[in-house]
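Report on one structure; see the data block that follows.
Bear in mind the structure is a predicted one, so any value in this text is a computation, not a measurement.
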Amino acid sequence: MGESVLLWPMVALLACWLVGVHARLKRLRSACWLAVDNLDRGLQSLLLVAKQALDRPDPATKAHEVLTVAALQLSLSLKTMKSAKLMTGREDETLALSAQWLEISGAWELFCGVHQDIIEAQALQELRRDWDEAHNHALFAKTTANQAMQDYNAALGQAPASWVAGRMGFVPATPL
């Protein structure tokens, strides 16, 4: 009789602890997904600015073609990218996204340099301002996503949670 009096509270305490660990990890994982979705919106705004620049009736140049290809590659990557896909712990998706972001940034600089004399100064200034705003938004979103993923990964590695997190289906996230 004395053993069952101690056993039931211990089982109840263990169950409550497991529910708390699961809830915390789900909350942190959701924060990661929201941050990655915000990054997606930031990169979509970069693509919108690139589209505005590419839709200009100016003559097509090699820089125009390079920006078009870079925008298409980033667009395709964003269409296939899902928040959960970046949360698998695999580095290939995050490395590909980072490489495409660098590629479109380089293509944008090339485009602006080549079209400096072709596009009127005020329109180019406006495009650059829009690009800088979108780029800053994407950088902030990337930083936020990385911080959320670091917090999530740290929670996965903490002693009590690390004992059961894998069995609950939680895997480490790969920062961007």
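In the hydrophobic clustering of this structure, Trp17 groups with Leu28; members are Ile, Leu, Val, Met, Phe, Trp, Tyr whose side-chain heavy atoms approach within less than 4.5 Å, directly or through other members. Trp8 and Leu14 sit in two unconnected hydrophobic clusters of ILVMFWY residues. Membership requires side-chain heavy atoms under 4.5 Å apart, directly or through other members. The hydrophobic clustering, which links ILVMFWY residues whose side-chain heavy atoms are closer than 4.5 Å, places Val164 and Val19 apart. Placement of Leu18 and Leu13 in two distinct hydrophobic clusters is found when ILVMFWY residues are connected by side-chain heavy-atom separations under 4.5 Å, directly or transitively.
Between Leu39 and Trp101, some side-chain heavy-atom pair lies under the 4.5 Å cut-off. Side-chain contact between Leu46 and Trp108: absent, with no pair of heavy atoms (C-beta onward) separated by less than 4.5 Å.
In the hydrophobic clustering, Val66 connects to Leu110, Val114, either directly or through intervening members, whenever side-chain heavy atoms lie under 4.5 Å apart.
No donor-acceptor contact under 3.5 angstrom links the side chains of Asn146 and Gln150, judged on distance only.
Under the rule for a salt bridge (charged side-chain N to carboxylate O under 4.0 Å, His left out), the partners of Asp55 that lie at least two apart in sequence or sit in another chain are Lys51.
The CZ atom of Phe170 lies 13.5 Å from the OG atom of Ser162; values are rounded to the nearest 0.5 Å.
Here the rule is side-chain contact (heavy atoms from CB on, under 4.5 Å) with Leu97, and of Leu102, Val36, Leu78, Asp40 only Leu78 fits it.
Listed for the His64 side chain is a donor-acceptor partner under 3.5 Å among the backbone atoms of Leu54.
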Tabulate below the donor-acceptor pairs under 3.5 Å that side-chain atoms of residues 116-141 make, not counting sequence neighbours, or state none.
residue : atom : partner : partner atom : Å
Glu120  : OE2  : Arg56   : NH2          : 2.6
Asn136  : ND2  : Asp132  : O            : 3.2
His137  : NE2  : Asn38   : OD1          : 3.3

